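See below for the structure under consideration.
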Amino acid sequence: MARLKIKNILQQGKPGEKVTAKGWVRTKRGSKNVNFIALNDGSTILNLQIVADVANFNEELLRDVTSGAAISVLGELAESAGSGQNIELIANEIEILGKADPEKYPIQPKKHSLEFLRENAHLRFRTNTFGAIFRIRHAMAFAVHNYFNNKGFNYLHTPIVTASDAEGAGQMFRVSTLDPENPPLTEKGRIDYSQDFFGKATNLTVSGQLEGELGAMALGEIYTFGPTFRAENSNTTRHLAEFWMIEPEMAFYDLKDNMDLAEEFLKSLIQYALDNCMDDLQFLAGRLQQEEKNKPQDQRSMDLIEKLKFVLNNDFIRITYTEAIDILRNSKPFKKKKFQFHVEWGVDLQSEHERYLVEKHFNCPVILTDYPKGIKAFYMKQNDDGKTVGAMDVLFPQIGEIIGGSQREENLEKLETRMNEMNIPTDEMWWYLDTRRFGSVEHSGFGLGFERFILFVTGMGNIRDVIAFPRTPKSAEF
RNA sequence: UCCCUAGUAGCUCAGUUGGUUAGAGCGGCGGACUGUUAAUCCGUAGGUCGUAGGUUCAAGUCCUACCUGGGGAGCCA
């Protein structure tokens, strides 16, 4: 008897059909005569109810059917006599595939804290919450490729190991095969990287953007989707040392085209989630609702699915940095001196300011553009005013910056001048500058933090709960 | 890295101004129950109170240091 996945059984199974199901036991309950086993195989958040007539099975076998155990069940589908499910499997044969000692198995049939499950990340996939999260995460990864493929973008694999740290996007992890106890030294007593594996100092990438631009300047439109590494000592609910980033880069796109793409892209992912992940979203929405009950009325947030639909059906607010500063300086918290950090043209916005704009003032995703050049990266398009650059940050409620992007400076002279001002070595970056020397065109791109986006779609609060095995300072378990 | 906060049974927590044998719910185990939905009911086992010092007649409780978790900030996606 071929094994069927529980998702298929629940969707297409007919009463009277003989099937085999395999999975992990969530709970077992029942009386002297009948046992009910909730079986889950990961294909869906829904469980298949197994009905076992106690008389037909020996006692010891049923004793091993405990939470967490893996079993195989051969039986006949029947319309369910109880409520809660339409169809159930009347068991003829049950085989224990793998026992799970109930004294030791950590995932009990009860509510666990997210902190506890994080410490049991190897087993948390077996919970409803994390099953839902990782099915949604998969669907979103697939939808990313689907979206760009449909638009004719090329998926470019940019290197993980890189010798360039020119972007200055943060502290990097060193990659080396030198003996750390006893490295070769130069005459001046410094580490001699010419003897290292790559013949120079190398690191894990902090961004594929610069290489992405090279691809875009021939293929037209590319995107990357890969792991990214930042050795920052960041301990927050929205930072990881190893995370996944999606970075499209497009020739012939100006800043507005870039914003249009970013907005359409995010909305297409949300649409895909609503179309394909409803069972999981509904579970997560219900879970959030339970949590919200403990909060005062005015602090409760929108229902998860409503929130997704709201973002889908409303235009993102687009304002310039300068306009944002005006709004902030005219805001109540500014006048009542409630902001901890000063607001004035030229300073970078702090998260309290971003949150005010997104969560209080507009209550909607916001795209901020045209930042002062002094607080942004060297490669951003210099505007005619001489003060601002063609940057754009997409800010989401609760999460903050979900996308950072810009039009890129395509003028060789302006770019070199800016690099010199910011002490970025133009000679080491010859390959990057070559794109401006030969057939340079206006182009744009952005980076989407994948986990931050998954936070938004799942409604989870901590980024460590939307990646399977989080890498954070002082933590690389599993 | 800084600020705040927590660490007591497998899990989630309570534990009064320091005072006798440290409690509950859930989970586990045993039993009861003709179909349950986090089943219900009865019973039962389970603790070096994060670690190391210190104060005291007496420390889960007070002090110091460290470790770990959580929240916030900075940095950013």
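Below, chains carry the letters A, B, ... as their sequence lines are ordered, and counting in each starts from 1. The model shown is predicted, which means the values in this text are computed figures rather than measured ones.
At least one side-chain heavy atom of A/D465 sits under 4.5 Å from a side-chain heavy atom of A/R118.
B/A32 is paired with B/U40 under the Watson-Crick or G-U wobble criterion, all donor-acceptor distances under 3.5 Å. Within the shown strands, B/U5 is the pairing partner of B/G69 under the Watson-Crick or G-U definition, both distances less than 3.5 Å. If you check B/A52 for Watson-Crick or wobble pairing at under 3.5 angstrom, you find it paired to B/U64. Pair check for B/C75 finds none; no Watson-Crick or G-U wobble contact set falls under 3.5 Å.
Cation-pi geometry between A/K267 and A/Y147 is not met at under 6.0 angstrom from the ring centre and within 45 degrees of the axis.
A ring-ring contact (aromatic ring centres under 6.0 Å, His included) with A/F225 is found for exactly one of A/F142, A/F243, A/Y155, A/F450, namely A/F450.
The same atom, C1', is picked in B/U12 and in B/G69; the two are 15 Å apart, to the nearest Å.
Counting only heavy atoms from C-beta on, A/T66 has its side chain closest to B/C29 among B/A77, B/U37, B/C29. The side chain of A/F36 lies closest to B/U36, out of B/C11, B/G27, B/U36. The A/S113 side chain lies nearest to B/U12 when the options are B/U12, B/C33, B/G71. For A/A81, counting side-chain heavy atoms from C-beta on, the closest listed nucleotide (B/G28, B/G35, B/C76) is B/G35.
When all heavy atoms of A/M172 and A/L204 are compared, the closest pair comes out as CE-O, 3.5 Å.
Straight-line distance from the CD atom of A/E352 to the C1' atom of B/C3: 15 Å, rounded to whole Å.
Put simply, the side chain of A/E115 and the base of B/G70 share no donor and acceptor less than 3.5 Å apart. Not a single donor-acceptor pair, N or O on each side, falls under 3.5 Å between the base of B/U37 and the side chain of A/N47. Between the side chain of A/K110 and the base of B/C11 there is at least one donor-acceptor pair of N/O atoms closer than 3.5 Å. One can find a donor-acceptor pair under 3.5 Å joining the base of B/C76 and the side-chain atoms of A/R452. Within 3.5 Å, no donor on the side chain of A/S234 pairs with an acceptor on the base of B/C76, nor the reverse. Taking 3.5 Å as the limit, the base of B/U1 and the side chain of A/E232 contain no donor-acceptor pair of atoms between them. Not a single donor-acceptor contact under 3.5 angstrom links the side-chain atoms of A/H112 to the base of B/C11.
When the side-chain nitrogen and oxygen atoms of A/N120 are compared with OP1 and OP2 of B/C11, none of them lie within a distance under 4.0 Å. Residue A/T27 places none of its side-chain N or O atoms closer than 4.0 Å to OP1 or OP2 of B/A38. The side chain of A/R464 places no N or O atom within less than 4.0 Å of a non-bridging phosphate oxygen (OP1 or OP2) of B/G69. Residue A/Q350 has a polar side-chain atom (N or O) positioned under 4.0 Å from OP1 or OP2 of B/G74. For A/R29 and B/A39, the shortest distance from a side-chain N or O to OP1 or OP2 is below 4.0 Å. In this model, the phosphate group of B/A73 is not approached by any side-chain N or O of A/T236 to a distance below 4.0 Å at OP1 or OP2.
Here A/F134 and A/F469 keep their ring centres 6.0 angstrom or further from each other.
With a 6.0 Å radius and a threshold of 12 heavy atoms from other residues, nucleotides or ligands, A/N58 has its CG atom above the threshold.
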